[in-house]
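Contents: one structure, followed by commentary.
All values below come from the heavy atoms of this structure, side chains included, with hydrogens, waters and symmetry mates left out. Along the sequence shown, the residues carry numbers beginning at 1. Remember, predicted model here, so these are calculated numbers, not experimental data.
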Amino acid sequence: MVSVGAEILIVEDDERIRQSLRLALEEEQYRVSEVESAEQALEAFGRRTPQLVLIDLMLPGLDGFDLCRELRRSSDVPIIIVTARSDSHDVVAGLEAGADDYVTKPFVPKELSARVRALLRRVRAGDMAGLALRFGELEIQPDAGIVRRGGDDVSLTKTEFRLLSELAASPGRLLSREILLDRVWGYGYFGDGRLVDVHVRRLRQKIEDDPANPRHLVTVRGLGYKLQP
């Protein structure tokens, strides 16, 4: 498995949950470090960059939302947030803050492992090969990991880049949320369409002149999304 041995940082103030997360991850042969607060996480991150971060949203002091935003200022490290309720606004808010995925409390070890494996797999997988793709002023170089708008580099997380690349590979073609979950997030059963919707909104903020009225990354109501010239 490509993800065996990856270093994961757990940011969780509840010792019982932290130990459960550690045991579940170490069972899958991951190397795990843990901290109790966002402040400790930033210190640890400054010393050594993990390959994935698990962040509890309800942290004392600087909360998980702020930690996500702070990490995103300088890194595209994969982030999975841990939240108490899957139907709460916290999930969307956490994804908007920069997280790639989420798990809910109480978490199921198999689901946690599936999400971690899928996220690490798509981060490490080679991107699509090929020439630069152009959509008006938008240029995408999938094999080089480069996106430019009007000649200026656009900073994307790895998940945002893979989502954009999947859409760009089929210009003008409708891709459903289910297809995008499978191709970008790497799973179906544990998937949640909100992952796609939030990442699309984040992409629009970066690649569209008017995100509220997108020219390239458009919605086909009730069906999915497509990228058009």
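Side chain of Glu208 to backbone of Arg215: a donor-acceptor contact under 3.5 angstrom is found. Using modelled atom types, no side-chain atom of Glu26 and backbone atom of Val32 make a donor-acceptor pair closer than 3.5 Å. For the pair Arg194 (side chain) and Val92 (backbone), a donor-acceptor distance under 3.5 Å is absent. With hydrogens and angles disregarded, a donor-acceptor distance shorter than 3.5 Å links the side chain of His216 to the backbone of Phe135. At distances below 3.5 Å, not a single donor-acceptor pair connects side-chain atoms of Glu7 with backbone N or O atoms of Gln51. Distance alone, capped at 3.5 Å, places no donor-acceptor pair between the Glu160 side chain and the Leu156 backbone. Under the 3.5 Å distance criterion, the side-chain polar atoms of Arg72 are left unmatched by any main-chain donor or acceptor of Ala97. A donor-acceptor contact shorter than 3.5 Å links the side chain of Ser165 to the backbone of Phe161.
Every salt bridge (Lys or Arg N to Asp or Glu O under 4.0 Å) that Arg148 has, sequence neighbours left out, goes to Glu139, Asp153.
Hydrophobic cluster membership is shared by Ile79 and Met58, with clusters built from Ile, Leu, Val, Met, Phe, Trp and Tyr side chains linked at under 4.5 angstrom. Val198 and Val218 are assigned to two separate hydrophobic clusters, defined by single-linkage of ILVMFWY side chains at heavy-atom distances under 4.5 Å. One hydrophobic cluster holds both Leu62 and Val35 under the rule that ILVMFWY side chains link at heavy-atom gaps under 4.5 Å.
For Lys206, the NZ atom is densely surrounded, since the number of other residues' heavy atoms within 6.0 Å is greater than 12.
Contact detail for Leu133 and Ala169: the closest heavy-atom pair is CD1-N, 4.4 Å. Closest approach of Ala93 and Phe65 over heavy atoms only: CB-CE2, 3.6 Å. Looking at every heavy atom in both residues, Ile81 comes nearest to Ala99 through CG2-CB, 3.5 Å. Summarising the geometry of Ala24 relative to Phe107, their closest heavy-atom pair is CB-CE1, 4.2 Å, with the distance given to 0.1 Å. When every heavy atom of Ala38 is checked against every heavy atom of Val11, the shortest pair comes out as N-CG1, 4.2 Å. Between Ala6 and Leu120 the shortest heavy-atom distance is CB-CD1, 3.7 Å.
Summarising the hydrophobic clusters (Ile, Leu, Val, Met, Phe, Trp, Tyr; side-chain heavy atoms under 4.5 Å, direct or chained), the residues clustered with Ile146 are none. Apart from Leu174 itself, the hydrophobic cluster it occupies contains Val220, Leu223, where clustering links Ile, Leu, Val, Met, Phe, Trp and Tyr at side-chain heavy-atom distances under 4.5 Å.
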- [ ] Begin from the C-alpha positions of Leu181 and Val196 and carry the test side chain to side chain contact (heavy atoms under 4.5 Å, CB included) through to its verdict.
- [x] CA-CA 7 Å; Leu181 279 169; Val196 179; 3.9 Å; yes
- [ ] Kindly indicate, with the supporting measurements, whether the criterion side chain to side chain contact (heavy atoms under 4.5 Å, CB included) is fulfilled by Arg48 and Leu9.
- [x] CA-CA 10 Å; Arg48 184 185 181 97; Leu9 175 64; over 6 Å; no
Task: side chain to side chain contact (heavy atoms under 4.5 Å, CB included) between Leu54 and Glu12, intermediate numbers included - done: CA-CA 8 Å; Leu54 271 167; Glu12 168 63 65; over 6 Å; no
- [ ] Carefully, step by step, assess Phe45 and Glu70 under the rule side chain to side chain contact (heavy atoms under 4.5 Å, CB included).
- [x] CA-CA 11 Å; Phe45 201 86; Glu70 191 63 31; over 6 Å; no
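With rounding to the nearest 0.5 angstrom, the CD1 atom of Ile140 is 10.5 Å from the CZ atom of Arg134. The CG atom of Asp182 sits 9.5 Å away from the CD atom of Glu166 when rounded to the nearest 0.5 Å. One finds the CG atom of Leu112 at 8.5 Å from the CD atom of Glu28 (value rounded to the nearest 0.5 Å). The NE2 atom of His199 sits 12.0 Å away from atom OH of Tyr225, with the distance rounded to the nearest 0.5 Å. Here the CG atom belonging to Asp90 is positioned 9.5 Å from the CG atom belonging to Asp63, to the nearest 0.5 angstrom. Here the CD1-CG distance, from Ile10 to Leu21, works out to 5.0 Å after rounding to the nearest 0.5 Å.
Annotation: cation-pi pair Arg115/Tyr102 present, NZ/CZ under 6.0 Å from the ring centroid and within 45° of its normal.
Contact check for Thr159 versus Leu195: no side-chain heavy atoms found under the 4.5 Å cut-off. In this structure, the side chains of Asp209 and Glu137 come closer than 4.5 Å at one or more pairs of heavy atoms. Taking 4.5 Å as the limit, some side-chain heavy atom of Leu71 sits within range of a side-chain heavy atom of Ile55. Between Arg18 and Arg22, the closest side-chain pair of non-hydrogen atoms is not below 4.5 Å. Between Pro78 and Leu52 there is a side-chain heavy-atom pair separated by less than 4.5 Å.
Comment: Arg69 engages Asp66 in a salt bridge, judged by a side-chain N to carboxylate O separation of less than 4.0 angstrom. With salt bridges taken as basic N to acidic carboxylate O contacts below 4.0 Å, none links Asp100 and Lys158. Taking 4.0 Å as the cut-off between side-chain N and carboxylate O, Asp56 and Lys105 count as a salt-bridged pair.
Just one of Arg202, Arg201, Gln205 meets the side chain to side chain donor-acceptor pair (under 3.5 Å) condition when paired with Glu96; it is Arg201. Screening Leu180, Leu163, Val184 for a side-chain contact (heavy atoms from CB on, under 4.5 Å) with Leu175, the sole residue that qualifies is Leu180.
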